[in-house]
Each structure stands twice: as C-alpha cells, then as structure tokens.
Engineer: 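Handing you a structure now.
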Amino acid sequence: MAAALVSITGCARTEEVSREEFEKLYLTGKSEILSKTVSKPWKGEEYLPGKLGGTWYASITEDPKSFNLLVSERDSVTATLVEYMCDPLLDYDYARRAFKPNCATGKISVNAKDGSMDVEYTLRDDLYWSFLDGRRVKVTSDDVVFWYDEIQGDPAFSSSAYNGQFVRLDDGTEARVTIRKIDDLRFSFHFPTVQSEPFLATNMVFGPRFAYEKAKREGGVQGVLGLYGVDTKPADIPSMGMWRLKEYSQGQRLVYARNQDYWKKDLAAISIPYFEQKVIQIVPDRNTQLLLFKQGKIDSFTITSENLDDLVNKKSGDYTVFVNDGSLSSYFWTFNQNPKHSAEPNYNWFTKKEFRQAMSCLVNRDRMIEQVYRGLGVPALTLFSEPNPFYNPKITNKYLFDRDRALSLLESIGMRRDAEGTMRDSSGNEVKFDLVTYSDSVEMSDTAMILSDECKKIGITLNVRTLDFQKVVEELTSTYNWESMLILFGGNIWPSGGSNVWPSSGNLHMWNPLQKKPATEWEARVDVLYGEGQKTVDKAKAWKIWDEYQELILEQCPIIYTVRPYGFSAISNRMDLSNVYFDNIGGLATDHAWVRE
Amino acid sequence: MPLISYIAGRFATMAAILFVLGFAIFGLMELAPGDIVDQVVMQQVFSGADAGTKADRTLTAEQIEATRASLGLDKPFYAQYFRWLKRVFVNHDLGTSLVSRAPVLFLIGTRLANSILLNLISLVFITIFSFALGVFFSSKVGTRTDLVATFAALTLHAFPGILLLILLQLFASVSGLFPVTGYPDFPFAEAPIKFTFSYAHHVFLPLLSAFLVEVGGTMRMIRATMLDQLGQPYVTSLRARGIGEFRVYFNHAFRNTLNPYITGSANLLAGLFSGSLVLEIIFAYPGIGRLMYEAVMQEDVNLVLANIMFISFLVLLGMVLADIALALVDPRIRYGKE
C-alpha cells in the first residue's frame, strides 16, 4: 500500500524542463537515433558480385488485385507485384541524372527541317517471355508497338499512359507521338515537335502481345482487363522480369521464383536476382508485420514514427536500420479558390496573394520538426526536390515563419485585430476557417494542430476538421466544399511532374481545378512556362524557364509545403548489406542483395 | 406438414430480408463519399511517379467519367442493384470484382471456407465447454467455486475482445510458443498432414480468444437455465419419486436448457462472424472478413454485396435450422395452426 502511494505521488509530480533543457534533450535524442542508423544512399556505385541461393521473405498489407499490367495501373500494391515480371526499356540513373540502357538502348535524333524528333530503341536480343515450365517466347518490338498503340493508345482502356502520348504544338493543338516498327528488335517513336525529355515520355513497361492481342480480339476491353486475373494459374503467367510467379494463395502469400532467363548479370556474369525465391506474406496489420520482422520471419520493414523508438533505441534483433535524407514529399497546406464559393468572405481572403503569403509566414517548420518529428526532418522550402534536374537551391520559399511579417501582410489587405485580439477583414468579418485533414497519421494531425495554434496566436481561428479519407477525396475531386486543406501527394523528381496539379486545366489543380481559361495572370504564366519547359532542349533556356516557374509558384503560395521527414527502413543482417542502399528516390534497393551464409 | 410450411415461410422471409439488405447496401455505398474511380485517381496522385523512370501518369476528367460509366457507376444505385439481381438470378453469375475483375465466387470461395472452419471450430468448443461448465457450476450453486466461476465468467464476458487478441499475440511474440499469425505459411497441398498440425498450432490463440470472449456469457446462460429448471415443480416431483440426481440433471433439466441455447446459437454464429474480422486482420487469417473489409474500403460494391449476402444467408440459415432443431428436441413446440 505504501509502495503504491509512493508510486502514485511519484507519478503526480513532473519535473519542469526549461526550453534550453528540452532542446538539449531533443538534440541528444535525435543524435542518439541517428547514431544507431546507417546512411547509405546510392551514388552510382557498381554492385559487387553476390552469391546465388536462399529466400527473401517480405510482406505486404493487401492482396494483389490482378497480375494484369493494365489493371495494375490502378493499384500501387498490384503494380509493384506485377512489375517484378516486367522490365522497363530504360533505367534512370539518378546519381548521374541520366537515363541508361536497360532492356533496350535508346537514341535521340532531331529533324532540323520540320522541328520533329525521333527516339529509336533497340531491344536486347536475349529477352524472353518465360513460363515456369521452361517455355519461352522471344520479346520483340511487336510487343512494344502493340502495347503502345493497342493498349495504352486505345482510349477504350482509359490507360493512365494515354495522355502522355500527346504533345502540345505551338498553335495550341495536340498531336500524338507515333510509334513505328523498324525490325524485330528496333522501333522508333516520332514526336511532331521537339521535347525536352523524350526518354522519360517513351520509357515504358509492356505486356506480351501474344496474350493481350488474343484477349482483345476475342473479348474487347473486358477480355483484356480480365486477362491474368488473380484466378489465373501462376504457370500461365509469362515474365520478362527478374521473377516468375510460382504461387499465389489468397490472403496468405505470393511466391516468386528467380527467372533464369532474365538477362541482367553482375560483374562475375552471374544473373540476378541472387535469391532462388521471394516469398511475400500478406499481413494486413502493420503491428503483426513488425512482430514478424522482430522474429526474423520477414527480412525488411519500413519504420514509421510509432515504431522508431522500439526498433532503433530498444533494438533487440539482428538487423540494420537505414536512414535517408528526407522524404521527397511533404504535407502541404492549400486554400480553396474555387469561384463556386465566391460569395463567401474566405474566397476573398484565399484569392489574395498576401493572405496566402501571410499563412506561409505562420508555418512554424522548426516547431513541427521538433515536436512532430523529434528533430528527424528538414524544412520543405523548395518546389523541386534535390534530385530534380532543375533543382535550384537558391529558389526557396521567401515567406518563412515570422509572425510580425504575417501581421503586416494581413494589414496590407485590410485585416486587423480588434480589441479582443480577433483578426477581422476590412468588412469586419472574423477571420475564421476550416483546415481539412484526414486520419492518415499522428504526424498529420499534430502538424494541423500546430498550424491552428500558430494562427490562434495572431487572432485567426483555424478549425481542424478531420475527415475520412474517402470524404477528403470527394471534396477534392467533386464537391469542392472545403476551405483549406492539409494533404500529402507523392514525390516526383521531374520538373514536368504534377501534370494535373500545376497547369490550370488540371483536375487536381486543387485550389481551382479544370479551368477553361486560367483564372489569374500568374496561373496563365505557369501554364506557359510548364508548356515551354517541356519542349525546351537547350539546357540554359530550360534552366531559365524552370527557375521562373519555381519562383512564381513559391511567390504565389497556392501550396505551402511543411516538412520532409527522414525515412527509416530496417533490413535483416541475414543479408549481406554490401549491395543494399537506401535513399529517398530508390527506397530500399535490394535487387542485388544476397543471403550472407 | 405444418413444419414444412413453416420452413417454407421462413425461407420466403429470408429471401425478402436478403433483398432489402442488398438494397440497403447499395444505398449505403452510394451515400459513402467517393467511389472506386476516385480511389484510383487519388492512389495515382498519392503514390507519385515511379522513382523517376516513367513520365507522370494521370487520368483526365473525361477518362474518369468514361471509367465510371464502364463500371455502371454513373447509374442510380437502385438501377445498379436491379442489374446486379438480374445478373445473379438470370445469368447465375455473381459478377466480377470492380477492382480486380476476378470472379467474385473465386475471391469468396476459399476465404469463406476458412471463415466457416474457424467459426465452426469456435462454436463447437464454446458449446461443449459452456454446457459442461454451466451444468457443473449449476450443481455448485452458492459455493465458493460457483462464486469464483461466476466472477471469472463475468470478467471474460466484459473483457474487450480486441484487447485480448492483441495481448495473446504479444504473448506469442514474447514467449515464442505460438506463431503471431493465424494461418500456416505454406499451402495445404504442399504437405497436408504437416499443414493440419501447423493449422492447429497457428489457430490456437485466435480460437482461444474467440472462445474466452464468448464462453463466459454462454456458460452463465446455461447455468441460469439449469438453475431455473432445477427449481421447477417437476424436478421436485422427480426427486420425490426417488429418481437419481444424474437422471434429474441429464435426462430432464438438461434437455430443457437446450431451447434457449439453440435459439441463441444463430446469434452466436453471427457474433463470431463479425468478431472474426478483427481476428483475421490482427492474426493475418485469410478469411472472408478481411476480404469484405478491403472491399468496403475500396468501395468494390460487387464484392461487398456478395460477401454480405453470403454471411447473412449463412446466419439466416442458421436461424432456420435452429428453429427446426428446436422443434425436434422439444416435442411441445409445433409450428402452424393448432
């Protein structure tokens, strides 16, 4: 009883910690975590020869939806699993920022006469669609041409690659990029106008013509979509990638066998991958995955903030934790400028550049890094990320955390605090609006709370409204009934990335989507720059265009980025880690890994 | 004959309930924000481009509408429902998943079998132990043993099932005595005998959890019914006639405890099916609950509907069977007009 009393009274008193002490503690915690991790980004190193044999155990949270390459466009888990059996034409060497040959080599030629461009590819001569039973069919240019013209290029399939087959001409019209077979191994893409990244536009994975053509002929769209469904026998699914599907048990696991016909070999002429098998368990609960990893039943685990302490500070298993330099993506804050709400006072606020700039001045990134990410993140201040070929470290958000500046920007548009300290606009309306978030993670809700708190300090009421993800999607894409939103999109390393976000006609130009004509001058200019940038080959000119593009968007603040958190991933020491790399572009690269013993 | 017409009537009611249920599901899915096409669009945006090797891949507004139309999602929900009914009853086809295009029957098949197996094993264990313990503790009424048993039963009944599942999984992880997943990591066809033993090992803790959560309440119900029967005048009469206690318990009082249990067993089965969703997610058990959860999250209405219809059909069938069993075990119960 006495012990319990002592314990209770002990819990009740919390020793006060000063801000300096807290900062010291958090810096110690940060360095302690980082000291127990390994930073090993891929910088273009050659992979060392490995040893054949063993099994790689992995896990995913949900079943694949299909083994059909076209269906896989619609589901990211499925895409990952299907692409084990595919191989892109080119590979992107992000260390050297250049494409390199993969299952084909590419050559660009510009026709000075008509300003058109051709990209000629030559496939390797040792590519096969191979089956588990040893059957194999040669991969030819017919496969690529069929996939480009008859699958991706047929509007009936609604392929997400369809729009990428068109380029905008100087007169504002669009023309299709065509493909032509030269011989069994060579084919060529013809661009009616010069493009800055023709390899990016034409690089693709493709399916076997012999199967998809028959399915299209016999069953049309439904026939193609129904091909290689999850009810297909694995032995009937051909692969030209590293792995062949050997087994799929619904809700349980997938087993891939090493594709012995795969062309890629290491420096010792041993074909990769080195593992004989890849077993992927389907485990819907992340906590169960964590327990399996700690028991050594799976070989890698993506660490989130919830289990960082457990896996890094209280490390008990035999594994190595890798850290990267910060995610390519970041939660961002955006304001609804849709004219649908033009009668509402907040429409007048959100459409004013000064208001958005003032909001940017209230984003306390240091506090977010400190309180939300335990110091394990970096401020997101640029539009392009470092790996982007046109990343310019000098072009950053100029509206950094500064309450006084926020106040003066608001004052410039007639907003002032009243006697009670409440911010009011020039018509006397209280400055009060919603911030929509969804229950994605603790980090997201904490970030929203910090934004709300910083607004409150200058008399603005920001009501955090957490919705179901489906509801957020609906508000963003169809009803447009939101005021401001905190959201996260996937990262991209190309200047032309976000083709439906940045141009004013884009369906995810969130603040005012699907504009027939740009609503503002600056959006019109962004449209022009985006179009120009895509077709400017001259590097110096392209730099100018993309610099202006970044400056303009960062000045207008339609989207305000917050923090790029570090990423962590753990891998079992059962693996030899010589060829394992982890960075924010390639993720955890294990294609060249092998079992230590 | 009255029993047959009663059964026919129950089946007709079952069909009407399933019809209304299907209608309600389509309506609720319609009310839910977004649809499967929105999910596809957002997934493309949220996942970003593939490490820089491919160009931006996005759907235009026209493509989104075309996809929606191709899936029939542009029609009102009742039209979608009647189209579904036509396909099921006229073409005898449950359709395909809107996401995977795989036949719904294939997706449901093995998972339904796994769920039925798990829930039937639970039901059998709960039934056997509840009766054994209920009857035993009814004979110990008023003793300290009965007090302890009642306390334990109430504790188990009040304990949150999800917490018990997590605690048992942590126990498995820390002790290493049991796997942290509920299903063997190799297929039955690979080694059937090894699979059977491995299944028993894997499923032990999830079953234990389902058993512990349900056994307390069921045991208390059996005990209370037994006590009620033992207090009836006919039991006093039996005892006065010198009938032995064993016969009084098992030939007379026990038979009468079956009625409330049989009536409640269909509800117990329904409870087990709904409770196994959490179990299936935490212990990665490949059952129908997980499939349904994923289908609901992805708004795959064909799959959701087929899943719910199957489970509801099983539960309603269980109720009809319970009514028939009731008539068989209790001669006093007869259906139809007297």
Side-chain angles (χ1 to χ4, degrees), chain A residues 62 65-66 71 73-76 88 90-92 94 158 160-164 200-201 203-204 221 225-226 229-231 247 249-253 281-285 288 291-292 294-295 329 387 468 470-471 473-474 477 488-494 496-500 507-508 514 585-586, chain B residues 32-34 38-61 63-64 66-67 70 96-97 99-103 106-107 110-111 114 166 169-170 172-173 176 180-181 183-187 280-287 290-291 293-294 299:
Chain A
E62 56 188 77
K65 304 297 173 286
S66 173
V71 176
E73 285 182 1
R74 300 170 183 196
D75 182 77
S76 57
L90 302 174
D91 197 4
Y92 184 64
Y94 53 84
S158 293
S160 56
Y162 177 76
N163 301 307
L200 179 68
N203 192 22
M204 63 193 274
V221 174
L225 293 173
V230 285
D231 53 337
E247 178 201 317
S249 307
Q250 268 197 80
Q252 299 167 45
R253 66 173 191 170
Q281 287 194 63
I282 302 161
V283 181
D285 184 40
T288 308
L291 294 176
L292 286 170
K294 286 165 91 175
Q295 287 187 336
S329 54
D468 178 63
Q470 310 293 343
K471 184 73 184 161
V473 172
E474 190 189 61
T477 56
L488 174 86
F489 282 0
N492 198 298
I493 64 167
W494 293 97
S496 56
S499 58
N500 57 349
N507 54 350
L508 273 170
L514 300 168
I585 309 169
Chain B
D38 289 330
Q39 299 249 1
V40 172
V41 174
M42 292 315 287
Q43 197 164 81
Q44 285 173 345
V45 172
F46 281 79
S47 58
D50 179 21
T53 59
K54 284 183 284 183
D56 224 13
R57 300 249 162 124
T58 52
L59 292 172
T60 59
Q63 281 181 304
I64 292 168
T67 309
S70 73
T96 54
S97 154
V99 182
S100 70
R101 308 284 168 154
F106 169 82
L107 294 173
T110 50
R111 290 174 181 252
N114 285 338
I166 293 168
Q169 193 186 44
L170 284 176
S173 170
V180 295
T181 52
Y183 203 83
D185 50 12
F186 60 95
E280 287 170 15
I281 290 173
I282 292 178
F283 275 90
Y285 187 86
R290 238 172 83 187
L291 182 71
Y293 174 74
E294 283 169 16
E299 306 208 27

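Chain letters run A, B, ... following the sequence lines, proteins first and then strands; every chain starts at 1.
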Engineer: Between B:Y183 and chain A, which part of the residue has a heavy atom less than 4.5 Å away: side chain, backbone, both or neither?
Structural biologist: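 The side chain, not the backbone.
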
Engineer: CZ/B:R290 to CD1/A:I282 distance, rounded to the nearest 0.5 angstrom?
Structural biologist: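 Result: 6.5 Å between the selected atoms.
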
Engineer: Which region of A:T477, side chain (C-beta onward) or backbone (N, CA, C, O), has a non-hydrogen atom less than 4.5 Å from a non-hydrogen atom of chain B, or is it both or neither?
Structural biologist: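 For A:T477, side-chain heavy atoms alone lie under 4.5 Å from chain B.
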
Engineer: Shortest non-hydrogen contact from A:Q252 to B:P184?
Structural biologist: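 It is OE1-O, 4.4 Å.
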
Engineer: Side chain from CB out, backbone as N, CA, C, O: work out which of these in A:V283 comes under 4.5 Å of a heavy atom of chain B, or both, or neither.
Structural biologist: both

Engineer: Between B:I281 and A:P284, what is the shortest heavy-atom contact and its length?
Structural biologist: O-CG, 3.5 Å

Engineer: Within the 4.5 Å heavy-atom criterion, are A:V221 and B:S70 side-chain neighbours or not?
Structural biologist: no

Engineer: Against chain A, work out which of B:Q169, B:E299, B:R111 has the most heavy-atom pairs shorter than 4.5 Å and name it.
Structural biologist: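 Heavy-atom pairs under 4.5 Å are most numerous for B:R111.
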
Engineer: Measure distances from B:I166 to the heavy atoms of chain A and classify the residue's part below 4.5 Å as side chain, backbone, both or neither.
Structural biologist: neither

Engineer: What do you reckon, is OH of B:Y293 surrounded by more than 12 foreign heavy atoms closer than 6.0 Å?
Structural biologist: no

Engineer: Looking at B:I282 and A:T288, what are the two nearest heavy atoms and their distance?
Structural biologist: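 Heavy-atom minimum between the residues: O-OG1, 2.6 Å.
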
Engineer: Could you check if a side-chain atom of B:P187 sits within less than 4.5 angstrom of a side-chain atom of A:R253, using non-hydrogen atoms only?
Structural biologist: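 B:P187 vs A:R253: side chains touch.
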
Engineer: Measure the CD-CZ distance between A:E247 and B:F186 for me, rounded to the nearest 0.5 Å.
Structural biologist: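 Answer for the CD-CZ pair, A:E247 versus B:F186, is 11.0 Å.
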
Engineer: Identify the heavy atoms of A:Q250 and B:L107 that sit nearest to each other, and give their distance.
Structural biologist: OE1-O, 3.1 Å

Engineer: About how many Å separate CG of A:L291 and CG of B:L170, when rounded to the nearest 0.5 Å?
Structural biologist: 6.5 Å

Engineer: Of all heavy-atom pairs between A:L292 and B:V180, which one has the smallest distance, and what is that distance?
Structural biologist: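 A:L292 and B:V180 have their closest heavy atoms at CD2-CG2, 3.5 Å.
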
Engineer: Could you tell me which portion of A:L225 (side chain, backbone, both or neither) has an atom closer than 4.5 angstrom to a non-hydrogen atom of chain B?
Structural biologist: both

Engineer: Against chain B, label A:E62 side chain, backbone, both or neither, depending on which of its atoms sit under 4.5 Å from a heavy atom there.
Structural biologist: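 Both parts, backbone and side chain.
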
